[in-house]
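One structure below.
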Amino acid sequence: MTDRVFPASKPPTANNGPPPPGGALPPPPSVNGTANQKPQVYIPANRPVYRPQPYSRHHHHRSRPSCRRVCCCCCFWSILILLILALMASIAATAVYVIYHPRPPLFSVPSLRIGRVNLTTSSDASVSHLSSFFNFTLISVNPNQHLTFSYDRFAVTVKTVKSGEMLANGTVPGFFSDNGNKTSFRSVIATSTSARELDPEEARRLKSDLTRGGRVGLEVEMVTKVKMQMGKLKSEGVEIRVTCGGFEGTLPKGKVPTVATSKQTKCKSDLSLKVWKWSL
């Protein structure tokens with residue numbers, strides 16, 4: 001039996017022809033007589049072309065705050081805070097001074113009696129002993145109306161003006177000085193017993209001071225701590241040094257004491273007031 005070949009139902013045309021060899025698909029049909037093409041993007045002529053920047057490690061670290069910048073900021077704010085605190089303390093101190101007008105206490109020694117000053121030296125000048133006795137009056141005045149003083153015990157020293165050698169020492173009891181108060185201490189005693197030994201150099205300077213022209217220059221120095229109160233403000237213990245100088249007198253030859261005189265009876269007081277030592 002032979003095979004029969006039947007013709008196709010539709011005649012071959014240009015659009016419906018036999019498939020191309022190799023099984024490839026024909027190109028898509030054209031629209032309006034033109035073949036399909038890829039779309040093109042329109043780029044304006046004046047638009048800048050984007051070019052990606054290369055990666056830079058230095059530029060990446062710049063975005064973070066550096067250690068130097070942090071230190072500068074810390075220093076700036078610290079200095080600014082200190083300046084503000086100093087300004088506030090100055091304003092507070094000025095306000096207190098204008099309102100209360102605080103003044104330091106006044107001290108005076110109107111009289112100083114020399115009871116005994118004996119300097120004995122051994123025959124070989126290796127050992128010297130000093131025995132002395134002084135008696136004076138101390139007056140303390142508080143000139144303030146809104147400020148009180150509370151004194152601890154005073155340490156008293158009597159010494160020569162020329163070389164500053166100590167002749168005697170003593171104490172003054174502590175006391176409270178109210179507003180506008182006046183306190184007097186009579187017969188304040190400063191002594192040096194015969195048991196006190198002097199080295200040869202100290203004895204030489206002291207002997208030179210005591211034998212100079214028959215008169216000796218004396219100075220009384222007192223050191224203590226004082227607490228101040230002004231309204232509700234209180235201070236811690238502040239050191240005060242009182243110096244009463246300008247005394248001149250002759251050494252007694254017997255048991256009768258001599259009086260050392262001074263042109264200035266008022267003493268100098270060195271009181272250091274610190275704003276940050278005040279508290280409520």
Side-chain angles (χ1 to χ4, degrees), residues 105-141 151-175 182-226 239-271:
L106 303 177
F107 295 91
S108 61
V109 177
S111 64
L112 174 63
R113 293 178 178 272
I114 306 173
R116 180 180 69 253
V117 178
N118 294 329
L119 179 62
T120 59
T121 306
S122 62
S123 58
D124 57 354
S126 60
V127 180
S128 300
H129 295 85
L130 175 66
S131 176
S132 61
F133 184 89
F134 295 88
N135 187 352
F136 64 91
T137 300
L138 175 64
I139 299 176
S140 173
V141 178
Y151 300 95
D152 293 344
R153 186 178 63 176
F154 286 79
V156 181
T157 303
V158 180
K159 55 186 181 180
T160 60
V161 176
K162 183 66 177 178
S163 63
E165 294 295 333
M166 186 182 68
L167 294 174
N169 51 19
T171 58
V172 175
F175 62 96
K182 180 179 179 181
T183 306
S184 300
F185 293 93
R186 299 184 182 276
S187 299
V188 179
I189 297 175
T191 63
S192 177
T193 61
S194 58
R196 182 191 171 196
E197 293 187 2
L198 305 177
D199 57 63
E201 185 64 24
E202 186 179 5
R204 185 189 63 81
R205 291 194 300 264
L206 189 57
K207 186 177 181 179
S208 175
D209 292 342
L210 297 178
T211 59
R212 186 183 297 271
R215 297 179 67 86
V216 58
L218 301 174
E219 185 179 78
V220 180
E221 185 179 83
M222 295 170 284
V223 180
T224 186
K225 284 190 175 183
V226 58
E239 183 178 280
I240 179 173
R241 185 181 301 270
V242 182
T243 304
C244 308
F247 292 96
E248 285 188 0
T250 58
L251 301 180
K253 296 181 179 180
K255 294 184 179 181
V256 180
T258 59
V259 179
T261 59
S262 175
K263 296 180 181 180
Q264 50 180 9
T265 59
K266 293 183 179 180
C267 305
K268 297 179 181 180
S269 58
D270 182 13
L271 179 62

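Residues V220 and F134 form no side-chain contact, since every pair of their non-hydrogen atoms from C-beta on lies 4.5 Å or further apart. Counting heavy atoms from C-beta on, the side chains of F136 and F247 never come closer than 4.5 Å. The shortest side-chain heavy-atom distance between V242 and L138 does not fall under the 4.5 Å cut-off. When side chains are defined from C-beta on, M222 counts as touching C244, because their heavy atoms get closer than 4.5 Å. Counting only heavy atoms from C-beta outward, the side chains of S128 and L206 never approach each other to under 4.5 Å.
One distance of note links CD of E202 with OG of S163; it measures 8.5 Å at 0.5 Å rounding. Note that the CG atom of L210 and the CZ atom of R215 stand 13.5 Å from one another [nearest 0.5 Å]. Between the CZ atom in R116 and the NZ atom in K255 there is a gap of 11.0 Å [rounded to 0.5 Å]. We find the OG1-CD distance between T160 and E165 to be 6.0 Å, quoted to the nearest 0.5 Å. Taking CG of L198 as the reference point, atom CG of L119 lies at 6.5 Å (rounded to 0.5 Å). Of the inter-residue distances, the one linking C267 atom SG with R241 atom CZ reads 14.0 Å to the nearest 0.5 angstrom.
T224 places a side-chain N or O within 3.5 Å of a backbone atom of D152 that can act as its donor or acceptor partner. At distances below 3.5 Å, not a single donor-acceptor pair connects side-chain atoms of S140 with backbone N or O atoms of T183. With T258 contributing its side chain and T250 its backbone, the two residues share a donor-acceptor pair below 3.5 Å. When atom types are taken as modelled, the side chain of S132 and the backbone of L167 share a donor-acceptor pair closer than 3.5 angstrom.
Scanning all heavy atoms of the two residues, the minimum distance from S108 to K266 falls at CB-CA, 4.2 Å. Between L130 and M166 the shortest heavy-atom distance is CD2-O, 3.9 Å. Nearest heavy-atom pair across P110 and I139 is CG-CD1, 4.1 Å. Residues E248 and G217 approach most closely at CG-CA, 4.4 Å, considering heavy atoms. For the pair P252 and P257, the tightest heavy-atom approach, listed with the atom from each and the gap, is CB-CA, 4.5 Å. The nearest pair of heavy atoms linking S262 to G245 is OG-O, 3.3 Å.
Between Y151 and F107, the ring planes lie perpendicular to each other; the angle is over 60°, past the 30° to 60° tilted range.
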